[in-house]
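Read the numbers this way: they start at 1 and go in the same order the structure lists the ligands and their atoms. For clarity, every value in this text was computed on a predicted model and none was experimentally measured.
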Amino acid sequence: MKGRNTDRVIIFDTTLRDGEQCPGASMNAREKLEIARQLARLRVDVIEAGFPVISAGDFAAVQEIAREVKGPIIAGLARCVPKDIDAATAAVKPAGKRGRVHVFLATSKIHREFKLGKAKDEIIRLAVEGVRRARSQVEDVEFSPEDASRTEPDFLIDVCRAVVAAGATTVNIPDTVGYAIPDEFGTLIRHLHEGVPEFSDGRAVISVHCHNDLGLAVANSLAAVRNGARQVECTVNGIGERAGNASLEEVVMTLRTRAGSFGGLHTTIDSKEIVKASRLISRLSGLLVQRNKAIVGENAFAHSSGIHQDGILKKRETYEIMDPHDVGWGATELPLTKHSGRHAVAARLKYLGYRLTEEDIAAIFARFKEIGDKKKLVYDDDMAALVEGQIAEVPQTWTLDYLGFTSGNTTIPTATVRLARSGSGKAEATVAQEASTGDGPVHATLRAIDRITGLTGELADYTLRAVSQGKDALGEVAVKVNFGGDEPVSGRGSSTDIVEASARAYLNAVNRHFFTADVRRRRPTAAAGRAEKRSSP
Ligand code: KIV
Ligand code: ZN
């Protein structure tokens, strides 16, 4: 990959690694693969697919992405420890020459003294050993001095020189705690650029990785680019640890919209895929995009004041600095209807980028027919919601067979629920029915479900949003439920009826809970993996 002397900025997407560290955002392997495929369509240069040593699940997800996703470089993260580096190397191996190992070690005084208890020379020795080990297994090695923005600049130069000499081809400068401000961060990058010959002659690339604790992640990344950085690490929708990472869409669209101010620097991103990527990631991560979020928020191109609307009608550029179509808003879509056949549904799923088995398509088609009966037009977003329900990869222990409820301002809300339980082993498939009252129809429904399953779930979070347009839009409910375990369990469900969507989301969480308990019973080490994951960078 070319270095600083080119006018191309490499987009390194870490949605599946740092983005996934966002509390409540964890995704299963199948969901990560769908996201990676969309990132490839977006034409990111590098996909950081995960942190392979953390758990068997992370390892398998990175390996599958490395095997299945063509185009971008596939990176795996590793601490400067042999077992991490070996796991990352093995996980990215199926990508062949497109495999990258990303090694990191903290370098700032505070991390050296309080976290690692190591002196400067020891840090350099470990960093060099880590890079050498990675380089002996793959050609493409990136090194990150964690908390670089709070590291003494001259020591940082020593670290960069040492790791580049040891074989790192990219050195990433993280603003790990989001402490930097643009001028200062730009100056630091320039200092490194001037102090490390391999950066100025293009043999190694300076990358940046900015967190958004002060809301400056994008501004800091762009200041770095002005001063010699040629790789930006970012996430779609800006998701990530704490306040998140630099948002991919904001970095890319600033470079494009203000190309003149960045000396013609550009990325190879296909911007028309941005909105699709944003929605997919929002739905699969369960992290809603705020309405006024730049580029991808619902309001990003909505003009409410009369003066603005008038201006837009006369000339769009009066109030719009970007064409919404350029980032994928309003992509022409021909909605499906209940008359659409299986072939049309399968073709639309393919167009949307999903690669599904015949079995998945059959299940989605059945749900599509149910939805099509209730709603005239089934939009792409509706289809995506159905697919995501299907690929949740959780065995459907309990499924909704019947739901009826009464509610009103003078009626005690009451729900009757019938659930089917799939048979497993010697246990026969059964059907069970219960009724309950509640504070509202959703409450009554969830209580009836609890009576059947024998669980008592506490709703830790509940969000409802309209998936597509119109009064008959599908409602999508996302829940987080405490069933008394260490962490709340998430679930999603959609329907034209919001009580039914709530029941489906809750059942999805119930099934996930049973599934996780089952996996834990059979694989006691899985719990240890999860505990370790919480302490990841
Ligand atoms: O924020 C950070 O420092 C990181 C590193 C692992 C690159 O995520
Ligand atoms: Zn980070």
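- Between Phe143 and Cys160 there is no side-chain heavy-atom pair separated by less than 4.5 Å.
- Counting non-hydrogen atoms of neighbouring residues, nucleotides and ligands closer than 6.0 angstrom, the NZ atom of Lys120 exceeds 12 such neighbours.
- Residue-level proximity to ligand 1 for Asp18 is carried by the side chain, the only part with a heavy atom below 4.0 angstrom.
- For ligand 1, the atoms lying closer than 4.0 Å to a non-hydrogen atom of Glu146 are 3 (O).
- Polar contact check, His209 against ligand 1: a nitrogen or oxygen pair lies under 3.5 Å apart.
- Scanning for side chain to side chain donor-acceptor pair (under 3.5 Å) contacts around Asp86 gives Arg133, Gln137, with sequence neighbours left out.
- With respect to the salt-bridge test (charged N to carboxylate O, under 4.0 angstrom), the residues Arg30 and Asp360 qualify.
- Of the listed options Glu142, Glu48, Arg17, Arg17 places a heavy atom closest to atom 8 (O) of ligand 1.
- Using cut-offs of 30° and 60° for the angle between ring planes, the Phe104 and Phe51 rings count as perpendicular.
- Counting backbone and side-chain atoms alike, Glu241 contributes no N/O/S atom closer than 2.8 Å to the Zn ion (ligand 2).
- For the pair NE2 of His209 and OD2 of Asp18, the angle whose vertex sits at the Zn ion (ligand 2) is 90° to 10 degrees.
- Of the charged side-chain nitrogens involved, at least one lies within less than 4.0 Å of a carboxylate oxygen, so that Arg112 and Glu152 count as a salt-bridged pair.
- Close approach of ligand 1 to His211 is summarised as follows: ligand atoms under 4.0 Å from at least one heavy atom of the residue are 1 (O).
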